[in-house]
Amino acid sequence: MKPFTSIAALGMITGAHAQTTVFTEEFETGGVQSMSSQWVWNGNAPTYMAGCIGNWGVRKETPAGNDINDLSHVERWLFHPLAYDPLLRYKLNVDIAVQDPDMGGPETFDEPFAYANLGWLNLAPGATNGMYYGDIYSSNGPCGSFDQGSYYAYEGSPGAGWQFGVILASISPPGTPSPMWVEFDHVVVKTAPGAAQFVGTMLLGGAYNSTTHAMNDVLRQQGLIPLTEPYTALGWPQAGGGGGETTTTAVLNATYPGGHVVDWVRLELRKWDDPTILQASRQALVVQNGTVISAQGSQSVLFGVLPGVYWVVVRHRNHLGAALFSHIQVVYPGGGIWTYNFTGTSGSSYYGTNALKVADGKGMLWEGDTNGDHTLKYTGVNNDRDPILSAIGGVVPTNTVNYVYSRNDVNIDGTVKYTGVNNDRDPILSNIGGVVPNNTRAEQLP
């Protein structure tokens, strides 16, 4: 038996993060001996004994004279399979005691050991009982509680025949006398999210109000924000389980510490050494002060990929996207205080040149990309002004289209307007410089 070297010990959970108990075994039900039918073992069947905690536990014999130097051949174990999710981290708690003829005396080399593991065991017919495991607990004392402490992330199955679950095992060094037993009780397995997490901020220049110093929430007030994210329908690629995120009216209309929901936004993780490769996407919501929340209203947005080093990108359906200055660590919930801030004014914090528009000492995405070509353009072929005129009919420039959720609604007020106060055309001209109409502004993404 040798350690599973590709395991990642990702650290302690801190704060109130989602921790779920996925398995318990007390070896009793209402004071009556019982045991899950999914337990399997080698050697003799376990027997019931007075539990460390509660009424009953189980006792498993340890083999006399087993070769402790050949740890790939453990002869006495109990195993309970568990559903495996690569985007979760796992933690084990179990009470263990070792019954040994010289227990209570000085520790000697012939003491038996107990192992409590979460990991992989090969149960294929004829397979050797090799294990890949995460954390090991070695005990040669009286009953005590083993708490794995940290939540660990485990990689996928080593191959055919391997199953993930709880491994309770014992081993004896050469010359160990018999009989001896290892006793187990009160088995608990908990999980916590292990997926890459985004906690951060972004502002939309089109919705920003310089009087309130926050974004307007007119789309929400008018009931125009769709319950299903709009980016898949626009043809934006998805990865890592992203796409099709849905929310509820209650989430959209709730009051958050940062205000009300403004609109759907998009988060991306791109490959650290090739940012043209999208590895995960998530559609989320942004509230008035710029805080990004999940479609369910949580400030923690989880991707469908493991933590790691990625390019972090934020985007919006009619704004230019932005990326942090370089690839950066993206952690799991509780993996440290990592906030991805896209509202700063330091150009060195973001990739490219003038990646963000700055107003009132805040950075925000440039608005006006109505045709989705990653460039702001006021005149010429494929400009962003003509789609606005076309949306209102293409003939009478004073027409408007009201109560609409549209990429042509540059200022995100629920109205598509070509001329007059609060029209959607002027921000485009302003964002390319406001003087030379054939200027352009390109999106700054790696």
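Atoms considered below: every heavy atom in the structure, side chains included; atoms not considered: hydrogens, waters and symmetry mates. The first residue of the sequence shown is numbered 1, and numbering continues consecutively from there.
- Note: Glu229 CD to Leu285 CG = 10.5 Å, rounded to the nearest 0.5 Å.
- Of the residues listed (Asn117, Val166, Ile167, Leu168), the one engaging Phe79 in a side-chain contact (heavy atoms from CB on, under 4.5 Å) is Ile167, and it is the only one.
- Pairing each heavy atom of Pro46 with each of Val58, the nearest pair is CB-CB, 4.1 Å.
- Side-chain contact, Ser298 with Ser300: no donor N or O sits under 3.5 Å from an acceptor N or O.
- Within the 4.5 Å cutoff, the side chain of Leu365 has no heavy atoms near those of the Leu203 side chain.
- In this structure, Asn382 places its CG atom where only 12 or fewer heavy-atom neighbours from other residues, nucleotides or ligands lie under 6.0 Å away.
- Annotation: the span from His316 atom NE2 to Met364 atom CE amounts to 14.0 Å, rounded to 0.5 Å.
- With rounding to the nearest 0.5 angstrom, the CG atom of Asp217 is 9.5 Å from the OG1 atom of Thr255.
- Residue pairs that meet the ring pair (Phe, Tyr, Trp, His ring centres under 6.0 Å) test with at least one member in residues 351-376, sequence neighbours left out, are Trp311-Tyr351.
- The side-chain heavy atoms of Asp384 and Asp369, taken from C-beta on, include a pair separated by under 4.5 Å.
- For the residue pair Gln238/Ser281, the side-chain donor-acceptor check at 3.5 Å is satisfied.
- At a threshold of 4.5 Å between non-hydrogen side-chain atoms, the residues Tyr151 and Lys190 count as touching.
- The shortest non-hydrogen separation linking Ala284 to Ile293 is CB-O, 3.2 Å.
- By the salt bridge (charged side-chain N to carboxylate O under 4.0 Å, His left out) test, Arg441 pairs with no residue at all, sequence neighbours left out.
- For NZ of Lys362, the number of neighbouring non-hydrogen atoms (other residues, nucleotides, ligands) closer than 6.0 Å is greater than 12.
- Within the structure, every pair that satisfies the side chain to side chain donor-acceptor pair (under 3.5 Å) test and touches residues 239-252, not counting sequence neighbours, is listed here: Glu245-Gln283.
- Of the charged side-chain nitrogens involved, none lies within less than 4.0 Å of a carboxylate oxygen, so that Asp409 and Arg407 do not count as a salt-bridged pair.
- With sequence neighbours excluded, the residues forming a ring-ring contact (aromatic ring centres under 6.0 Å, His included) with Phe198 are Tyr340, listed by chain and number.
- Using modelled atom types, one finds no donor on one side chain facing an acceptor on the other under 3.5 Å when comparing Glu28 with Ser34.
- Side-chain atoms of Val404 and Leu224, non-hydrogen and from C-beta on, never get closer than 4.5 Å to each other.
- Trp272 meets the side chain to side chain contact (heavy atoms under 4.5 Å, CB included) test with Val309, His327; sequence neighbours excluded.
- Using a 3.5 Å distance cut-off with no hydrogens or angles, the side chains of His186 and Asp95 do not pair a donor with an acceptor.
- Contact annotation: the side chain of Gln279 approaches that of Tyr310 to within less than 4.5 Å [non-hydrogen atoms, C-beta and beyond].
- Contact of the Leu445 side chain with the Val313 side chain is registered, since non-hydrogen atoms from C-beta on lie closer than 4.5 Å.
- Rounded to the nearest 0.5 Å, atoms CD1 (Ile428) and CG (Asn439) are 14.0 Å apart.
- How far CG of Leu302 is from CD of Gln197: 6.0 Å, rounded to the nearest 0.5 Å.
- With sequence neighbours left out, the side chain to side chain donor-acceptor pair (under 3.5 Å) criterion links Arg317 to Asp263, Tyr405.
- A donor and an acceptor atom, one from each side chain of Glu367 and Asn431, are located under 3.5 Å apart.
- Here the straight-line distance linking atom CG of Leu320 with atom CD of Gln444 works out to 8.5 Å at 0.5 Å rounding.
- Each ring pair (Phe, Tyr, Trp, His ring centres under 6.0 Å) pair with one or both residues in residues 216-261, not counting sequence neighbours, appears once here: Tyr231-Trp236.
- A salt bridge links Lys91 to Asp147: at least one charged side-chain nitrogen sits closer than 4.0 Å to a carboxylate oxygen.
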Exercise for review: Give the intermediate values and the outcome of side chain to side chain donor-acceptor pair (under 3.5 Å) for residues Asn289 and Thr291.
Suggested key: CA-CA 6 Å; Asn289 75 340; Thr291 298; 3.0 Å; yes
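- The side chain to side chain donor-acceptor pair (under 3.5 Å) check on Ser37 picks up nothing, with sequence neighbours excluded.
- Between Pro86 and Leu306, the shortest heavy-atom distance links the atoms O-CD2, 2.9 Å.
- Using a 4.5 Å heavy-atom threshold, the side chains of Asn209 and Met215 count as separate.
- Remark: Tyr84 pairs with Trp120, Phe164 by the ring-ring contact (aromatic ring centres under 6.0 Å, His included) rule, at least two apart or across chains.
- Between the side chains of Asp360 and Tyr208, a donor-acceptor pair is found at a separation under 3.5 Å.
- Between Asn216 and Asn411, the closest heavy-atom pair is ND2-O, 3.8 Å.
- Among residues two or more places apart in sequence or in another chain, the ring-ring contact (aromatic ring centres under 6.0 Å, His included) test is passed with Phe342 by Tyr350.
- Not counting sequence neighbours, the partners of Thr343 by the side chain to side chain donor-acceptor pair (under 3.5 Å) test are Thr201, Asn341.
- Remark: Ala196 engages Leu269, Phe303, Val305, Val330 in a side chain to side chain contact (heavy atoms under 4.5 Å, CB included) (not counting sequence neighbours).
- Closest approach of Ala322 to Ala355, counting heavy atoms only: CB-O, 4.4 Å.
- Here the shortest heavy-atom pairing between Arg266 and Leu278 reads NH2-CD2, 3.5 Å.
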